[in-house]
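Following: one structure in structure tokens, then a few remarks.
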Amino acid sequence: MSECEEERENTEGGEVVLGGVEVHVKFTRYQGDPGIQLDLTAPAGADGAPEGVKDINMRLAGLCRATVMNMDDPARLRLLALVEQDGGNDRLLYRLVVTAQTAADGSHVTRVDDRIDPAFARIDAGVAGRASGCRQQIEHLLAKNEGEDEYKSEEMFEILEKTNYPLDIKEQTEEEARQGMLEGEEFMLLEIQVIGFVERHRGNESLAFDYIAAMSQKALSSEWMKEKIRLISKVCEDTVMGIDKQTTRRLSASILGTGARELCLYRLSVWCSMRDDGSPRYSVRDRIDPWFEKNDPAAGKRADEARRLAGVVMEGGAAVGDHP
């Protein structure tokens, strides 16, 4: 059967299944030590048969392994305890399916759906954010493949002359920065600033956020950089800024108390240096405003996940287009 025929045969709710991945785990032992057997397989249809195009399934499995399953050590230990309780039975941890449907006008409508095992979500607080990042990467790639240039800079960015929160870095010329890199120095490539402010609408005040990318204006002309800004801003939104209503009220009161009606709640910066082989090395740093951390003690833990996901983005897990 050809790939095109395979796509026509594999449907889910009337939609064509382009590809997907299922993450299965079960308890095992290796040389007497407890362990986890991890299998990434093609998504199973209603009849149990694998669905999707083989090449797409393989690519999605690789992306899933690099994002959703990129767990820290404490979460891995909790997962080991969970699968040990299963007594060797198979557990479906995560399922992702990409489908497509032809609209009446002949255009293709694609959709990305996933499901996280509730027990997995309970033992790994960061998995929801990693899964969200995985879906976003796929959706963006699908949009580019369909010729939908929905990320044009004029729609995404408003270029400001300066930020109210200057960078803590030394000003350098391009030649000084280049020489510094050759000598092994780090320089700041990008900083995402999350600005919380209280806005008034029809007599009601509410907390809103702006995501500002502080960087060289020349770097913004790079499609690679625009993509990194979009993805890392989304990482911040889905992790650190995933606050509840009670925290929102406390932050609103704190910001109003400053008299400025705004506060830089969080900064995440990406730094770059050069490896011995000439390839770039990225490191991610961040800073949480003390008022934010005081009103939301869990912000620090979410920031750990933000730094980890930003590192995945910079190392190529979410790269689209050419590297500068």
Side-chain angles (χ1 to χ4, degrees), residues 67 70-75 121 123-133 136 157 160 162-170 186-199 205-215 225 228-273 281-315 317-318:
T67 55
N70 191 3
M71 306 164 64
D72 58 26
D73 289 339
I123 65 168
D124 187 347
V127 68
R130 300 197 303 273
S132 174
Q136 290 158 17
F157 305 106
L160 307 175
K162 62 179 181 179
T163 171
N164 293 334
Y165 305 92
L167 303 179
D168 296 328
I169 57 174
K170 180 180 68 174
E186 277 191 318
F187 74 94
M188 184 187 287
L189 187 67
L190 165 70
E191 181 176 270
I192 300 296
Q193 301 177 353
V194 184
I195 313 299
F197 61 96
V198 178
E199 61 180 3
E205 292 184 328
S206 61
L207 183 63
F209 303 110
D210 268 344
Y211 293 81
I212 294 177
M215 54 185 291
M225 179 61 82
K228 298 305 181 187
I229 292 172
R230 185 185 68 81
L231 289 170
I232 295 177
S233 296
K234 191 62 177 173
V235 163
C236 294
E237 181 181 3
D238 290 343
T239 55
V240 181
M241 303 316 299
I243 61 178
D244 56 27
K245 291 182 179 179
Q246 186 177 7
T247 302
T248 299
R249 288 193 293 268
R250 290 198 297 261
L251 279 175
S252 296
S254 295
I255 292 172
L256 286 172
T258 65
R261 296 184 68 86
E262 73 169 39
L263 192 63
C264 185
L265 298 172
Y266 181 66
R267 298 183 182 209
L268 184 146
S269 58
V270 177
W271 294 71
C272 183
S273 60
R281 177 193 290 112
Y282 301 106
S283 63
V284 181
R285 306 169 192 172
D286 65 356
R287 187 168 64 192
I288 306 174
D289 177 79
W291 279 103
F292 185 14
E293 202 158 21
K294 179 180 178 181
N295 286 296
D296 186 356
K301 186 174 182 180
R302 298 197 305 275
D304 291 342
E305 180 66 3
R307 292 194 305 275
R308 192 191 65 79
L309 287 174
V312 171
V313 169
M314 294 308 303
E315 292 299 337

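Numbers for residues simply follow the sequence, beginning at 1. When reading the values below, keep in mind they use all heavy atoms of this one structure, side chains included, and skip hydrogens, waters and symmetry mates.
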Name all residues meeting the salt bridge (Lys or Arg N to Asp or Glu O under 4.0 Å) criterion together with D304; count only those two or more places apart in sequence or in a different chain, and write none if there are none.
R307

Walk me through it: do D296 and R302 pass the test side chain to side chain contact (heavy atoms under 4.5 Å, CB included)?
CA-CA 10 Å; D296 186 356; R302 298 197 305 275; 2.6 Å; yes

Answer yes if the side chains of Y266 and D286 hold a donor-acceptor pair under 3.5 Å, and no otherwise.
yes

Side chain to side chain contact (heavy atoms under 4.5 Å, CB included) between F292 and L251: does it pass, once the steps are laid out?
CA-CA 7 Å; F292 185 14; L251 279 175; 3.9 Å; yes

Working to the nearest 0.5 Å, report the span between CG of L309 and NZ of K234.
13.0 Å

Considering all heavy atoms, the nearest Q193-A214 contact:
NE2-CB, 4.0 Å

Would you mind checking if D289 and K294 are paired as a salt bridge, meaning a charged N to carboxylate O distance below 4.0 Å?
no

For L268 and E191, run side chain to side chain contact (heavy atoms under 4.5 Å, CB included): C-alpha distance rounded to whole Å, both residues' side-chain angles, the deciding distance at 0.1 Å, then the answer.
CA-CA 6 Å; L268 184 146; E191 181 176 270; over 6 Å; no

From CZ (R287) to OG (S269), nearest 0.5 Å:
8.5 Å

How many angstroms lie between atom CG of L190 and atom CE of M225, to the nearest 0.5 angstrom?
5.5 Å

Checking side chain to side chain contact (heavy atoms under 4.5 Å, CB included) for the pair M241/V194: CA distance, chi angles, key distance, verdict?
CA-CA 9 Å; M241 303 316 299; V194 184; 3.8 Å; yes

I'd like to know if D124 pairs up with R130 as an ion pair, taking the criterion as any Lys NZ or Arg NE/NH1/NH2 lying under 4.0 Å from an Asp or Glu carboxylate oxygen.
yes

Pairwise distance SG(C264) to CG(D210) - rounded to 0.5 angstrom:
11.0 Å

dist C236:SG -> I192:CD1 (nearest 0.5 Å) comes out at 6.0 Å

Does either side chain, that of T247 or that of D244, offer a donor lying less than 3.5 Å from an acceptor on the other one?
yes

Between I288 and A303 the two heavy atoms that sit nearest each other are CD1-CB, 3.8 Å

Between V235 and E237, is any pair of side-chain heavy atoms under 4.5 Å apart?
no

Heavy-atom distance under 4.5 Å between the side chains of Y282 and L189, does that happen here?
yes

If I take atom CZ from residue F197 and atom CG from residue L265, how far apart are they, to the nearest 0.5 angstrom?
11.0 Å

So which heavy atom on L207 is nearest to which on S252, and how close?
CB-OG, 3.4 Å

Are a donor atom and an acceptor atom from the side chains of Q136 and S132 found within less than 3.5 Å of each other?
yes

Ignoring hydrogens and geometry, is there a side-chain-to-backbone donor-acceptor pair from R308 to G126 under 3.5 Å?
no

Under 3.5 Å, is there a donor-acceptor pair linking the side chains of N295 and S254?
yes

